[in-house]
2 protein chains.
Amino acid sequence: MPRPRSLTPDQLASAALAVLDREGLAGLSMRAVAKELGMSTMALYRYVDDREELEGLVVERVLGAVDTTPPERGVPWDERLRIMVGRLRETIIAHPAALPLTLTHRHRSPSGLRWSEAALAILTEAGLDGERRVLALRALLGYVIGAIQLEHLGPLSGAGTVAIAELPSDAFPYMAETARQARSVGVEREFFGGLEVFLRGLGA
Amino acid sequence: MPRPRSLTPDQLASAALAVLDREGLAGLSMRAVAKELGMSTMALYRYVDDREELEGLVVERVLGAVDTTPPERGVPWDERLRIMVGRLRETIIAHPAALPLTLTHRHRSPSGLRWSEAALAILTEAGLDGERRVLALRALLGYVIGAIQLEHLGPLSGAGTVAIAELPSDAFPYMAETARQARSVGVEREFFGGLEVFLRGLGA
DNA sequence: TTTCGTAGGCGTACGTCATACGCTTACCAG
DNA sequence: CTGGTAAGCGTATGACGTACGCCTACGAAA
């Protein structure tokens, strides 16, 4: 009966995500999002308790794009896992600035849970259950999250690799050589190469 | 010839780390560290260009504690890797609030590089070189970083697991069951169990 | 012994942030 | 047409990082 809401949570999340993509994580402020929406800062608080809740909306908006339909039947379980993991990586990488947020808010995202559910189904199909399945899922998630972060925050690849390649090769012989070799390995290849190690371990 | 410095970088790092351990990451501010040292806020800037540099000192102080001496000869390579990874985990976990900082500043930490150097030596001993060795190190680091973060930020274990175990089991049958099982798996076992998958994959 | 350049240390001030609080305004059921 | 509810806004508070300018302690040179 009172005045109707003029903004959906989705519009909120879209505005925040636009700011995030444009200005980076440091640029994501209540003020900036309010300006993006054309309203005053405090009007935002009619829709959201605090910044944390807004971040949660953004995360769900990002993760909501992940495709969780089971990959085509008939494909072996490891290939299906590769597909699922690849989808998750694509989804997260589409908004790199949101990466730290996905970590902190992941557990409240229905889409994230749906992804895990699909992954668990595949692991079950691979013959895992009980504790082994728990360990497999958590380890898989750990690798995905860690690897993506290395790729985007940890300049072992990118600019940092160059610096490391120039380390004194007497004190760091392996590092220097490895960093030199690392420059020719693309991020994609690196990610899926590491995943391969993991999948081999699961199969054994 | 001018006035001598009254504070070593190490004293700075210790004070900042004390604040970090006591008040958490949100409580780590230039003001708080200055107060910890008994000086005015701006006096800090005589020792450090900005907050970023202070964080770097903290990270090096944390990672500096890691034992990078090669594990006893005669032990097989996979056990030696387990030892090295375990040491790194212990080191990082000793100051959980510093975890996000280690991610962003890791590449500038000599101790972090020393650890990688030691790990590379073991991987070489395991018969890896060239691109495969690059992939192995990066994947290993990815897992360690990701798994530790899941353990400390991602409430799939801890309080979050309980919530997930109460998910509607028609929409999330596997998740609900898995979360129930996960409650009986300790974080330690979980971490090293996942590592095991990885090491098996490396050996194959 | 005095002088002086250098760097240590501090106080103030600015612009940012999240957000508590209270006011005004638009809407709709009676 | 009127009353109640929630939308939306303005103002204010206390945190933050840090630019800037001042005073002070020191030790080499005079």
Checklist entry - Just checking, R89(A) and F191(A): is the charged tip under 6.0 Å from the six-membered ring centre and within 45° of the axis? => result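 Yes - R89(A) lies over the ring of F191(A), closer than 6.0 Å to its centre and within 45° of its axis.
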Checklist entry - In chain order, what residues pass the salt bridge (charged side-chain N to carboxylate O under 4.0 Å, His left out) check against E79(B), with sequence neighbours excluded? => result R82(B)
Item to check | Sequence-distant partners of S40(B), side chain to side chain donor-acceptor pair (under 3.5 Å), two or more places apart | outcome: none
Next on the checklist: Restricting to side chain to side chain donor-acceptor pair (under 3.5 Å), what partner residues turn up for E131(B), sequence neighbours left out?
Outcome noted: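 Once residues adjacent in sequence are excluded, the partners of E131(B) under the side chain to side chain donor-acceptor pair (under 3.5 Å) criterion are R189(A).
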Checklist entry - So which pairs with a foot in residues 11-35 of chain B pass side chain to side chain donor-acceptor pair (under 3.5 Å), sequence neighbours left out? => result T8(B)-Q11(B), S14(B)-R61(B), D21(B)-H95(B), R22(B)-E36(B)
Checklist entry - Are F192(A) and F198(A) near enough that their ring centres are under 6.0 Å apart? => result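 Between F192(A) and F198(A), the centre distance exceeds or equals 6.0 Å.
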Nearest-angstrom distance from the residue atom [atom1] of [X] to [atom2] of [N]:
{"X": "Y47(B)", "N": "dT18(D)", "atom1": "OH", "atom2": "P", "value": "18 Å"}
{"X": "L44(B)", "N": "dG8(C)", "atom1": "CG", "atom2": "P", "value": "13 Å"}
{"X": "L25(B)", "N": "dC16(D)", "atom1": "CG", "atom2": "P", "value": "13 Å"}
{"X": "R46(B)", "N": "dC23(D)", "atom1": "CZ", "atom2": "P", "value": "15 Å"}

Checklist entry - Taking only side-chain nitrogens and oxygens of S6(A), does any of them come within less than 4.0 Å of OP1 or OP2 of dA7(D)? => result no
Next on the checklist: Quick check on side chain to side chain contact (heavy atoms under 4.5 Å, CB included): which of L195(B), L202(B), L88(B) does L140(B) satisfy it with?
Outcome noted: L195(B)
Next on the checklist: Do V62(A) and V59(A) make a side-chain contact, defined as non-hydrogen atoms from C-beta onward lying under 4.5 Å apart?
Outcome noted: no
Item to check | nucleotides 12-21 of chain C: protein proximity per nucleotide (B base, S sugar-phosphate only, - neither; heavy atom, under 4.0 Å) | outcome: B----BBBBB
Checklist entry - Counting only non-hydrogen atoms, which of residues 54-62 of chain B are less than 4.0 Å from DNA chain D? => result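 Within this stretch, nothing sits under 4.0 Å of the strand.
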